[in-house]
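In what follows, chains are A, B, ... by sequence order, proteins preceding strands, each numbered from 1.
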Protein chains: 4
Amino acid sequence: MSFAKNEHKQEQRNKVLISALECFASKGYDAATMDDIVLHSSVSKGSIYKLFKSKEEIYIELMYKYTDEFFEEINLILAKYTTAREKLSSLFIEYLNGQFDSYKLNSFLVHFELQLYSTRKEQMLKLLEERRLKRLGIISKVISEGIQNGELKQTHDADVYAEMFWAFFDGAIETKLVFPNFPYEKLVIEQRDVFIKNLANN
Amino acid sequence: MSFAKNEHKQEQRNKVLISALECFASKGYDAATMDDIVLHSSVSKGSIYKLFKSKEEIYIELMYKYTDEFFEEINLILAKYTTAREKLSSLFIEYLNGQFDSYKLNSFLVHFELQLYSTRKEQMLKLLEERRLKRLGIISKVISEGIQNGELKQTHDADVYAEMFWAFFDGAIETKLVFPNFPYEKLVIEQRDVFIKNLANN
Amino acid sequence: MSFAKNEHKQEQRNKVLISALECFASKGYDAATMDDIVLHSSVSKGSIYKLFKSKEEIYIELMYKYTDEFFEEINLILAKYTTAREKLSSLFIEYLNGQFDSYKLNSFLVHFELQLYSTRKEQMLKLLEERRLKRLGIISKVISEGIQNGELKQTHDADVYAEMFWAFFDGAIETKLVFPNFPYEKLVIEQRDVFIKNLANN
Amino acid sequence: MSFAKNEHKQEQRNKVLISALECFASKGYDAATMDDIVLHSSVSKGSIYKLFKSKEEIYIELMYKYTDEFFEEINLILAKYTTAREKLSSLFIEYLNGQFDSYKLNSFLVHFELQLYSTRKEQMLKLLEERRLKRLGIISKVISEGIQNGELKQTHDADVYAEMFWAFFDGAIETKLVFPNFPYEKLVIEQRDVFIKNLANN
DNA sequence: AATGAATGAGACTTCATTCAT
DNA sequence: TATGAATGAAGTCTCATTCAT
């Protein structure tokens, strides 16, 4: 396949994925139909099935896309800072301050649903487990480094605090997705202070 | 309707709800069919439709059931203790220590999915919002009382901490549901300590 | 069976038939359910099935009832008059002047539907054919007698005019049933004049 | 959509409509199933539901088709003649002489049933009312013109006679549909003579 | 290569009839 | 005898996927 052709294919795939994300977000994975995606993406059904094996494959690809973007953003932020406290603080503020655009909101929503969906799909679960550990590792590493350089308390278990970091965000973001009145930003600020104060070597 | 008949009807409803919970948990709401529920509950299709208007009504009833049981358990625990610290601590330990039986796990799973599903159903959302505020109020009240009697720091906002309380659990329980390896119990212990230490007056 | 019991049975049957007529009229035979009839008649389902073999049997019984009442009314009117002209005229005016109560309207509606329905039920068709010929004979006889006693023109065929008599009414009543604006009464008056003038000897 | 595709679609729609007409005629609207229509038309269920929104929509479309064909035939006949008497006479003879093929018989049968069915569907009733008035207008106009040019008696009300015209046909055709022995043709001839003689200026 | 018409399995739901109480 | 809960066959409609053009 020539380069140009391959590029076209990638564009098409992206068009489909972006449309699918909106369809899945607005109707749910099951309720969204391939026709919805065809309409929304302006890519014909035949072409979609050339690009993706099935509706479920689109779902899975969306997960990859979400994951890639997720790590990219996280790493981008972390690279800007040097101390553990700055890194953690900036994640709270820069990435997760809740000023999400609709694309990001949809991504989160669809991702949460997919995670529960994957409960029944061993294969998907494995992929998600990997991503979970990777996500954990990133924060764990930041904390470990902070501990090693004396910034953070030695008494704390980096892994456990990394889990706590994400548990909070998962819960808070999901709540925000479902309940628009949820005071997400206020919570994030408070949690940041509590979290860092707890870890910090005063 | 006589008492005996009404009781029978309640039993049947319960049978269906319990079966539906398992079906929804093991396949997902959309993928689970009425035939699945018929098979699992040994209640005929016609009878199920006499008991419930639609598949979705079963889903909603399940939410009510879950909510009722949830508040019942929480209140039972809180009634056993007097100080705010004991109350909070016992919630972490007694209710949420993660020794969940399969019924409870299924309830959580189905409830999380329903919550995301309800994103697209205004009416369901209202009910969930009510429940959310009620759940919030329970913890908020415990914290407020602790603040008033000097047990907890006056500087903290009871509502914000109540939100943090639940955000953590939502995130942790969901993670536990999806990833069996997730060290839920260890996390809960740690979070309890951090949470209470943060709130407590020295 | 004792007399009292038998009478009770007849009463029950009547209750069911009257209710079924309203249900069939308001929803159509197919759309009306046995539960509708149960509700409307306050006769339990078990009892209805003791009284009638099936829903269709109720339909058929309704036809018998309609037919009996039809002939009774017609004969009552005819008995009051002596000349052919008076008899015909009075049928136009007394029986068919369109001041139908809702019971009669329902009877007509259900009867028309049943007639078309019976197209596919050989057995019912036979019964209807009999009734049709009987109905025809009544008018035919009136006309024949009028011809014989010189009241009406000898050149006319009594059977053909009898058919015309009923064809008009069938068409007019059906139209009236469907279209409330249809000027039924005006038409009946005019048709009476035309019909009788045509038959009458000067 | 290209012309060829659109044409194909029209053909398919027609295939389905013709099959549905036969199914509705032979079993009745309610008793006829979509599977019957699928089998009879050799158009798959999915395709039928692409072509028509629901079973009822097929019914309604059938009404439109019937109506269109009805007016086309009537107008074709009327266009061939000039005098009112000829026009009326030709309608009796050419259109309504009863030499109906099975397609026309089915159309009449289904149409009569639909008319009664529409009693409970306000929207359908409106459409039928329009058609009724249009049908009335055609005959009314013929008679009015005959009156104006002195062919027909001035004393008669064109509208009333137009109503009588159709009432007779409705009754006669319905009777013919149900009872094959009904002497429809003989009746039409007689009715024509009576009807025209009554109107004609000797 | 791209399209979208065609397919038909399978979903939810209804309701005439039966039968245990 | 009278009841109405229980049944499950059968209905309408949807939609992921295929394939001829």
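The backbone N or O of B:Asp36 lies less than 3.5 Å from no partner atom in the side chain of B:Lys27, so there is not a single donor-acceptor pair.
Using a 4.0 Å cut-off between charged nitrogen and carboxylate oxygen, A:Arg13 and A:Glu7 do not count as a salt-bridge pair. Salt-bridge annotation for B:Glu122 and B:Lys126: absent, with no side-chain N of the basic residue lying under 4.0 Å from a carboxylate O of the acidic one. Using a cutoff of 4.0 Å between basic side-chain nitrogens and carboxylate oxygens, A:Lys65 and A:Glu69 are scored as salt-bridged.
Rounded to whole Å, the distance from CD on D:Gln12 to C1' on E:dT7 is 13 Å. Separating the CG atom of B:Asp30 from the P atom of F:dC15 is a distance of 10 Å, rounded to the nearest angstrom. The CD1 atom of C:Ile48 sits 14 Å away from the C1' atom of E:dC15 (whole-angstrom rounding). Distance, D:Glu7 CD to E:dA5 P: 15 Å, rounded to whole Å. Between the P atom of F:dT18 and the CZ atom of A:Phe52 lies a distance of 16 Å, rounded to the nearest Å. To the nearest angstrom, C1' of F:dG4 lies 16 Å from CD1 of C:Ile37. Between the OH atom of C:Tyr59 and the P atom of E:dA16 there is a distance of 14 Å, rounded to whole Å. For the pair C:Lys50 NZ and F:dG4 P, the interatomic distance rounds to 14 Å; values are reported in whole Å.
Counted by atom type alone, A:Glu56 and A:Tyr117 present one or more donor-acceptor pairs between their side chains at under 3.5 Å.
Nucleic acid contact for B:Thr33: sugar-phosphate only, since backbone atoms but no base atoms lie under 4.0 Å from a heavy atom of the residue. Using a 4.0 Å heavy-atom cutoff across all strands shown, D:Ala32 reaches sugar-phosphate atoms only and no base atom.
Candidate nucleotides F:dA16, F:dC13, E:dT18 were compared by shortest atom distance to the side chain of A:Met34, and F:dA16 ranks first. Set against E:dA2, F:dA5, F:dT3, the side chain of B:His8 has F:dA5 as its closest nucleotide. Picking from F:dT12, E:dT13, E:dT3 the nucleotide with the shortest atom distance to the side chain of B:Tyr49 gives E:dT13. In the set F:dC13, F:dT17, F:dA9, F:dA9 carries the atom at the smallest distance from any side-chain atom of B:Lys45.
Cation-pi contact between B:Lys55 and B:Tyr29: present, with separation from the ring centre below 6.0 Å and deviation from the ring axis of at most 45°.
Under the Watson-Crick or G-U wobble criterion, with both distances below 3.5 Å, E:dT21 is paired with F:dA2. Using Watson-Crick or G-U wobble geometry with both donor-acceptor distances under 3.5 Å, F:dA16 finds its partner in E:dT7. Using the Watson-Crick or G-U wobble rule with both distances under 3.5 Å, E:dA1 pairs with nothing in any strand shown.
Nearest-nucleotide positions on DNA chain E for C:Asp35 and D:Leu51 put D:Leu51 closer to the 5' end. Nearest-nucleotide positions on DNA chain E place D:Gly46 closer to the 5' end than the other of D:Gly46 and B:Ser54. If you find the closest nucleotide of DNA chain F to C:Val43 and to D:Glu56, the one lying nearer the 5' end belongs to C:Val43.
Contact check, A:Ser44 against E:dG4: no side-chain N or O comes under 4.0 Å of OP1 or OP2.
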